[in-house]
Structure formats: C-alpha cells, structure tokens
Amino acid sequence: MSEVAEENVRNDGLKIEADLKNEISLKDVTFGYGEDAILDGINLDLKKGGRYAIVGMSGSGKSTLLNLLMGANSTYSGSITIDGTELRDINADSLYDVMSLIGQDVFCFNDTIKNNITMFGDFPENEVKTAAERAGLDKLISEKGYDYICGENGNGLSGGERQRISIARCLLKGTPVLLVDEATAALDAETAKSVNESILNLDDVTSVTVTHRLEESILKLYDEIFVLREGKIEEQGNFASLMKENGLFYSLYTLSNT
C-alpha cells in the first residue's frame, strides 16, 4: 500500500497559481484498469465559476472522473488541462491548492468546531468566520459556539452539520474548484437540499457535483449536467434542455421520482 501511495504523489512537477482563470478541459480522456475502460473518450469543459452536475447509473464512471481531476492516477490517455497546463505535469501540492474534494464520509475530530474547520491550522478569526457563514454553519455556531466539542468522529453533530464543516474546511483553504462526490447520499432529503444549495450558492467557486439525487429544484441550479453511460457522455445540457430530449436523463429523472 505504501508503494502504491508513493506512486501517486508527484512531489516534482510544475507549480501553478492557486487560481482558475479560465477553465478545466478534458479532451478524449480514456481510463481504465487492464483492458476494461471505465471512462471512454470524455470531452468536456468546466468554465471558471460554473456549476456542474455529473449523473448516471452506478458504475458509469462518475466518481472515477472526479478522482482523475484530483490527480489520483496519471495513466489516462488524452489530456486534462487546468488553464492550459496538463494535469500530469502539475506538482501534487500545487494541484491541491486549486481543487478540494468533499466526499460522502466526513471525518471529524473529538475537538472543537473551530479546530475541525481549521484542521488545527492558524487562520485569522475573520477568515474562519467567513468560511463558516458561507458553509451555512451560522445556526450551529450561534447555538453551540466555536468551542463546542464535536465528539468522536463528530457524533455530537448531525450528518448535515458534518458536511457543512467539510465545506467550511474547503472554503477556508480557499481552493477555487470544489469537487463534490455524493456528499449528500446519506442525508435526509431536506438536509441534502440545504447542503446542495449552500454549495451551489458559493460565489467565485467552480463546483463539480456527482449526485444520484435528481430533484428538479436543485438540478435547475446547475449550468450544465453531464450524463454518463458506461464511461461515455451520453448527453449534456441544462435541466430544461435535457428533459426536452426525452433521452437517458429524462428516464433517470422519471425513474427516481416515481
């Protein structure tokens, strides 16, 4: 495991500015293990400040796509570029200054809300407060305060509160790109909607969300939705245009809402 982990850490490579000026672009990206292609000929552009959703059936390659964007594997063919710089050539630490990932499982320390947001780093109070407010933690902090002990793995918090702490961590870190992988899968519908809205209402943040929750009110907030089938982009467009096509997205949406 140690050898595999070391293979994926690029301590050398180019250092890029911790900003997204134009876009992340994927051109003819194909990736798989052995002879099995998980992603096949992916072409898409993620513009600065855009809000994007990736949907599709289980096994269609949604999470794999986010993992490639995070630099988890460089053996793909084609190109992934950040403002024109190939992702394979970028230093890992530099890449993580551009992108943050919010997953379904959020680990919280048995420590204060503040330390769980800052990850024990030293940040100005106003920056911590701003990150917490933008993540929608106002109510929790007003009721319990920054010094509230979250419990072992956050057992003193609700699932939605833990997810908001994860969002606040990313905002405090200040990455311009936020990748969200099924972050609301384990939450109830109302909490999931609230967390999704918090992410989508972030200013100056490019968000890419893998989701299985196909709710009209949330889907309408995305600038573009990419629909994957067996590792390929079957359809793409906004909610209204995809519904008019009466294709795969329409079928997935109808099935999830019956």
Side-chain angles (χ1 to χ4, degrees), residues 1-56 59-103 169-171 173-183 199 202 204-210 222-237:
M1 290 179 65
S2 177
E3 290 175 357
V4 171
E6 289 180 0
E7 287 178 2
N8 285 332
V9 176
R10 298 188 302 278
N11 293 317
D12 55 355
L14 299 173
K15 290 188 176 182
I16 61 174
E17 189 176 348
D19 189 18
L20 181 65
K21 299 185 185 303
N22 296 303
E23 65 179 7
I24 299 169
S25 181
L26 286 78
K27 302 297 183 187
D28 299 320
V29 173
T30 296
F31 172 77
Y33 299 101
E35 297 180 355
D36 298 324
I38 300 174
L39 297 174
D40 186 4
I42 298 294
N43 289 281
L44 58 87
D45 295 315
L46 307 170
K47 304 292 185 181
K48 175 182 174 66
R51 297 173 295 183
Y52 302 95
I54 302 174
V55 305
S60 60
K62 304 185 298 296
S63 294
T64 299
L65 182 54
L66 290 196
N67 288 336
L68 287 185
L69 291 175
M70 285 297 294
N73 198 301
S74 61
T75 62
Y76 57 86
S77 62
S79 69
I80 302 175
T81 58
I82 301 175
D83 287 334
T85 301
E86 172 58 46
L87 188 145
R88 294 186 190 90
D89 301 330
I90 299 173
N91 171 277
D93 288 338
S94 187
L95 176 63
Y96 301 152
D97 286 338
V98 176
M99 300 191 193
S100 293
L101 175 67
I102 300 175
R169 288 172 179 169
C170 294
L171 294 177
K173 187 178 177 183
T175 60
V177 180
L178 193 57
L179 307 180
V180 187
D181 190 4
E182 298 281 16
I199 294 170
L202 296 173
D204 301 320
V205 173
T206 304
S207 63
V208 185
T209 303
V210 165
Y222 292 106
D223 299 310
E224 194 163 16
I225 301 168
F226 300 101
V227 188
L228 295 187
R229 187 208 294 264
E230 297 180 352
K232 297 182 179 181
I233 296 180
E234 179 92 355
E235 301 166 345
Q236 64 186 81

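Counting begins at 1 with the first residue of the sequence.
Proximity of Leu66 to Ile54: side-chain heavy atoms (C-beta onward) are separated by under 4.5 Å at one or more points. No side-chain heavy atom of Arg229 sits under 4.5 Å from any side-chain heavy atom of Ser60. With contacts defined as side-chain heavy-atom distances shorter than 4.5 Å, the pair Leu44/Tyr52 does not qualify. Taking 4.5 Å as the limit, some side-chain heavy atom of Pro176 sits within range of a side-chain heavy atom of Val98. Considering only heavy atoms from C-beta on, Leu228 comes within 4.5 Å of Ile42 through its side chain. Within the 4.5 Å cutoff, the side chain of Ile24 has heavy atoms near those of the Met99 side chain. Leu46 places none of its side-chain heavy atoms less than 4.5 Å from the side chain of Val177. The closest side-chain heavy-atom distance from Leu69 to Leu26 is below 4.5 Å.
Every residue two or more places apart in sequence or in another chain was checked for a side-chain hydrogen bond (donor to acceptor under 3.5 Å, both in side chains) with Asn22, and none qualifies. Judged as a side-chain hydrogen bond (donor to acceptor under 3.5 Å, both in side chains), and not counting sequence neighbours, the contacts of Arg169 are Asn116. Applying the salt bridge (Lys or Arg N to Asp or Glu O under 4.0 Å) rule to Lys48 yields the partners Asp19; only residues at least two apart in sequence or on another chain are considered. For Ser77, the side chain to side chain contact (heavy atoms under 4.5 Å, CB included) criterion is met by Thr30, not counting sequence neighbours. Not counting sequence neighbours, Asp40 has no partner by the side-chain hydrogen bond (donor to acceptor under 3.5 Å, both in side chains) test. Residues that satisfy the side chain to side chain contact (heavy atoms under 4.5 Å, CB included) test with Glu230, not counting sequence neighbours, are absent from this structure. Residues meeting the side chain to side chain contact (heavy atoms under 4.5 Å, CB included) test with Ser100, sequence neighbours left out: Cys170, Lys173, Thr175, Leu178. Every residue meeting the side-chain hydrogen bond (donor to acceptor under 3.5 Å, both in side chains) condition with Ser63, not counting sequence neighbours, appears here in chain and number order: Asp181. In terms of the side chain to side chain contact (heavy atoms under 4.5 Å, CB included) criterion, residue partners of Gln236 (sequence neighbours excluded) are, by chain and number, Glu224, Phe226, Ile233. Remark: Asp45 engages Lys27 in a salt bridge (Lys or Arg N to Asp or Glu O under 4.0 Å) (not counting sequence neighbours).
For residues 66-86, the pairs satisfying salt bridge (Lys or Arg N to Asp or Glu O under 4.0 Å) are Glu86-Arg88, with sequence neighbours left out. Sorted pairs that involve residues 72-91 and meet ring-ring contact (aromatic ring centres under 6.0 Å, His included), not counting sequence neighbours, are lacking altogether.
Atom CZ in Arg51 sits 10.0 Å away from atom CG in Leu202 (nearest 0.5 Å). Taken to the nearest 0.5 Å, the CG atom of Leu101 stands 10.0 Å off from the OH atom of Tyr96. Once rounded to the nearest 0.5 Å, the distance linking CZ of Phe31 with CG of Asn73 reads 4.0 Å.
For the side-chain contact (heavy atoms from CB on, under 4.5 Å) with Leu14, the lone residue among Asn91, Thr85, Leu95 that qualifies is Thr85.
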